[in-house]
Amino acid sequence: MRRVRAAAVGAVTLSLVLSAAACGGGSNGGGSNEQPKTLTYWASNQGASIEVDKKVLQPELDKFEKQTGIKVKLEVVPWGDLLNRILTATTSGQGPDVLNIGNTWSASLQASGALLPWDEANFEKIGGKDRFVDSALGSTGVQGQDPAAVPLYSMAYALYYNKKMFKDAGIAKPPATWDELVATGKKLTKDGKAAIGVEGSNLSNNIHQVFVLGKQHGADFFTSEGKADFTSDGAVAAVKQYVDLMAEHKIVAKGNAEYAQNQSLSDFAKDKTAMVLWQTASATFASQGMKEDEWGVAPAPVQSGTPGQGKQTNSMVAGINMGVFKNTKNIDGALKFVDFMTGDEEQKILNKAYGSIPPVKSAQQDPAFGTPSLAVLRNTLATSAAALPQVPEESQFETVVGTAVKELFAEAAAGRPVTTESVKAKLEKAQQQMPKK
C-alpha cells in the first residue's frame, strides 16, 4: 500500500463475508464479455490526495481506451473506506469489475470466493506468472492455492530521517539497531520536538510494526496451522517494545497516540519529528514541500547485527494487488485491463508517480528505480522482508491486535504504566475475539 491502511472492519463483519462465498461480485460495466464497452475500477488512494490519484491515473485509462475501445470508469477510494466497500460488494454482488486491494488482505478476500482466481491460464493472458518478483507473489493469497490477485505496486518499510535535525543534534548517521534508535532518540527529543513518529490509532500501521518486531522476537502471531497465537512471549515482547517508544523511552510525542491519518509524515516534513518508519514516503514528503536532499533513508532497525531473514526481518512485504471480481460480465475486458496496468510501460509510469517499486521484474530494471532511497527499499524486499500471515483471518488480526496496540498507546499517553502483564492481557482479549478453529 502506498498509504498505510486503516483496518476498517470487525471480526463479525468479515465472518459474515467469508460465509457468503457464493455471492461473488457483480459488474457495473457495460457491454458483454465478448464486446466489453465499459469497466469500473476502484483504485486505492496512493498519492497525497484523491485528486492527485485522478491526475495520475486518468491519462493512463484514456490510453487504455484508445488502445482497446474500452472505457474505464474510475473511482479512487480512501483507505479508511476501501475494505468495507469491498466486503459490501462481495455480499451484495454490486461491485466493480477490477479493484485494488492491500496485499495483506489477499488471503481473506480469497476465502470469500468473490475474486477471480489467477490460475496458469489467466496468468498467461497477462504474460505469465514468472514476470513478477517472488516477494510480491508471496502476498497474493494462501500458498498452494491460485492467487487471488496480481501484484501492482511493491513497497517496503524503511527508516526516514531528517538530515538537518540529525546534524543539529551532532548525530553522524542513522541508527541501525533498536538500542541505537533509543539512544539517538533521546538526543533528538528536546525543545518540543520528538525523535520518532508513530500512528498510534492506525490499526494497520500498528500491525505492520509489531509483526516485524514479532519476527525479530521469534513470533509469527499465527501457528503453522493458522491458529491465532497472540500471547506468546515473543508477541508480547514485540508489542511492548513498540509501545515503549512512548511509554518508557519517551521519544514519541504523546499526541501520536491519536494519529491515524499520516500526521507523523506531516510532523516529519515540518521538522517536528526527526524519524519515521514508513513505506515509500518520498512522494508524500515532496507534496509537503520537502526537498529530496533534506531527508535520508536507511534500513529499518533490527535487534542487533544487520537485516536479513528470520529474526533479522525488518519489514513486512508491503504493496498493492489488483483483483477482478469473478462475476463480472466483462472478464475478457478486465483481464485486458490488468494486462495493461501490469505491462512494463505502465508499471514504470505508475510506480515512478507513486515512489513505489514495480513488482514486474523487467520494469524494475529501469534506472529510475535505482535511486539511493529506492535501492534501500528494493534491497529490503529482496533480502529482509516477510509477508504477513496469508490466512483468511488476517483482516481480523489487523483489527483486534491493531486495536490492542492503539489502546496501549492511549494508556501510555495518559501516563499509565505499560507492563508485560498489561500487554499480555490486551493480547489475550484480542485472541478471544478471533473465530475458533
Side-chain angles (χ1 to χ4, degrees), residues 103-104 133-139 143 154-161 173-185 196 198 204-245 247-249 251 275-279 297-319 375-391 394 397-398 401-402 404-405 408 418 420 423-424 426-427 430-431:
N103 66 352
T104 63
V133 298
D134 290 340
S135 62
L137 287 171
S139 289
Q143 287 189 355
S154 286
M155 304 155 199
Y157 275 89
L159 181 71
Y160 292 82
Y161 62 96
K173 61 181 182 178
T177 67
W178 286 106
D179 286 345
E180 289 177 6
L181 185 141
V182 170
T184 297
I196 187 165
V198 305
S204 290
N205 187 271
N206 288 342
I207 287 299
H208 298 167
Q209 307 300 347
V210 301
F211 168 75
V212 170
L213 285 167
K215 297 292 284 187
Q216 293 180 11
H217 285 281
D220 285 323
F221 290 94
F222 286 88
T223 67
S224 58
E225 294 79 26
K227 184 179 179 181
D229 184 22
F230 302 163
T231 59
S232 68
D233 290 347
V236 172
V239 172
K240 188 174 189 301
Q241 181 179 350
Y242 186 48
V243 177
D244 272 348
L245 295 175
E248 179 182 346
H249 305 303
I251 60 174
M275 295 179 284
V276 66
L277 286 164
W278 209 259
Q279 313 169 35
V297 187
V302 292
Q303 301 298 331
S304 64
T306 57
Q309 296 296 319
K311 290 190 175 183
Q312 302 302 92
T313 295
N314 68 339
S315 177
M316 46 83 71
V317 177
V376 171
L377 303 180
R378 283 180 61 180
N379 187 60
T380 295
L381 282 171
T383 63
S384 58
L388 273 158
Q390 294 293 297
V391 295
E394 193 283 329
F397 164 55
E398 292 192 19
V401 175
V405 176
L408 289 164
V418 175
T420 297
V423 171
K424 188 168 186 177
K426 290 286 186 186
L427 292 175
Q431 185 158 311

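Worth saying up front: this structure is predicted, and the values here are computed from it rather than measured.
Looking at every heavy atom in both residues, S135 comes nearest to L381 through CB-O, 3.7 Å. What you find for G138 and Q390 is that their closest heavy atoms are O-CG, 3.6 Å. Summarising the geometry of V317 relative to A387, their closest heavy-atom pair is CG2-N, 3.7 Å, with the distance given to 0.1 Å. Of all heavy-atom pairs spanning V418 and L408, the tightest one is CG2-O, 3.9 Å. The minimum heavy-atom distance between F230 and L427, with the atom names listed, is O-CD1, 3.2 Å.
Within the 4.5 Å cutoff, the side chain of Y157 has no heavy atoms near those of the V212 side chain. Residues Q279 and L377 form no side-chain contact, since every pair of their non-hydrogen atoms from C-beta on lies 4.5 Å or further apart. The shortest side-chain heavy-atom distance between L388 and S139 does not fall under the 4.5 Å cut-off. For the pair V239/V405, a side-chain contact is recorded, criterion being any heavy-atom separation below 4.5 Å from C-beta on. Contact check for V423 versus V243: no side-chain heavy atoms found under the 4.5 Å cut-off. Using a 4.5 Å cut-off on side-chain heavy atoms (C-beta onward), T104 and E398 make contact. The shortest distance between side-chain heavy atoms of L159 and V376 does not fall below 4.5 Å. Side-chain contact between F222 and V391 is present, with at least one heavy-atom pair separated by less than 4.5 Å.
The backbone N or O of S304 lies less than 3.5 Å from a partner atom in the side chain of Q312, making a donor-acceptor pair. Between the side chain of Q309 and the main chain of T383, a donor-acceptor pair closer than 3.5 Å is present. Judged purely by atom type and a 3.5 angstrom limit, N206 uses its side chain to pair as donor or acceptor with the backbone of G402.
Residues satisfying the salt bridge (charged side-chain N to carboxylate O under 4.0 Å, His left out) criterion with D233, sequence neighbours excluded, are absent altogether. Partners of A183 under the side-chain contact (heavy atoms from CB on, under 4.5 Å) rule, at least two apart in sequence or in another chain, do not exist in this structure. Partners of D179 by side chain to side chain donor-acceptor pair (under 3.5 Å), not counting sequence neighbours: none found. In terms of the side chain to side chain donor-acceptor pair (under 3.5 Å) criterion, Q431 has no residue partners (sequence neighbours excluded). Considering only residues two or more places apart in sequence or on other chains, F211 meets the ring pair (Phe, Tyr, Trp, His ring centres under 6.0 Å) condition with none of them. Residues that satisfy the side chain to side chain donor-acceptor pair (under 3.5 Å) test with T223, not counting sequence neighbours, are E225. Shown here are the salt bridge (charged side-chain N to carboxylate O under 4.0 Å, His left out) partners of D244, two or more places apart in sequence or in another chain: K240. Remark: Y242 pairs with F409 by the ring pair (Phe, Tyr, Trp, His ring centres under 6.0 Å) rule, at least two apart or across chains. Under the side-chain contact (heavy atoms from CB on, under 4.5 Å) criterion, S384 pairs with P307, N314, T380, sequence neighbours left out.
Distance OG/S232 to NZ/K424: 9.0 Å, rounded to 0.5 Å. Of the inter-residue distances, the one linking W278 atom CH2 with M155 atom CE reads 12.0 Å to the nearest 0.5 angstrom. Put simply, CG on L245 and CG on L181 are 6.5 Å apart, with the number rounded to the nearest 0.5 Å.
For residues 298-308, no pair satisfies salt bridge (charged side-chain N to carboxylate O under 4.0 Å, His left out), with sequence neighbours left out.
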Using residues 213-221 as the side-chain source, report each donor-acceptor pair under 3.5 Å to any protein atom, sequence neighbours left out, with the distance given to one decimal.
{"unit_1": "K215", "atom_1": "NZ", "unit_2": "D220", "atom_2": "OD1", "d": "3.0"}
{"unit_1": "Q216", "atom_1": "OE1", "unit_2": "W178", "atom_2": "NE1", "d": "3.1"}
{"unit_1": "Q216", "atom_1": "OE1", "unit_2": "Q303", "atom_2": "NE2", "d": "2.9"}
{"unit_1": "Q216", "atom_1": "NE2", "unit_2": "P301", "atom_2": "O", "d": "3.1"}
{"unit_1": "Q216", "atom_1": "NE2", "unit_2": "T313", "atom_2": "O", "d": "2.9"}
{"unit_1": "H217", "atom_1": "NE2", "unit_2": "Q241", "atom_2": "OE1", "d": "2.8"}

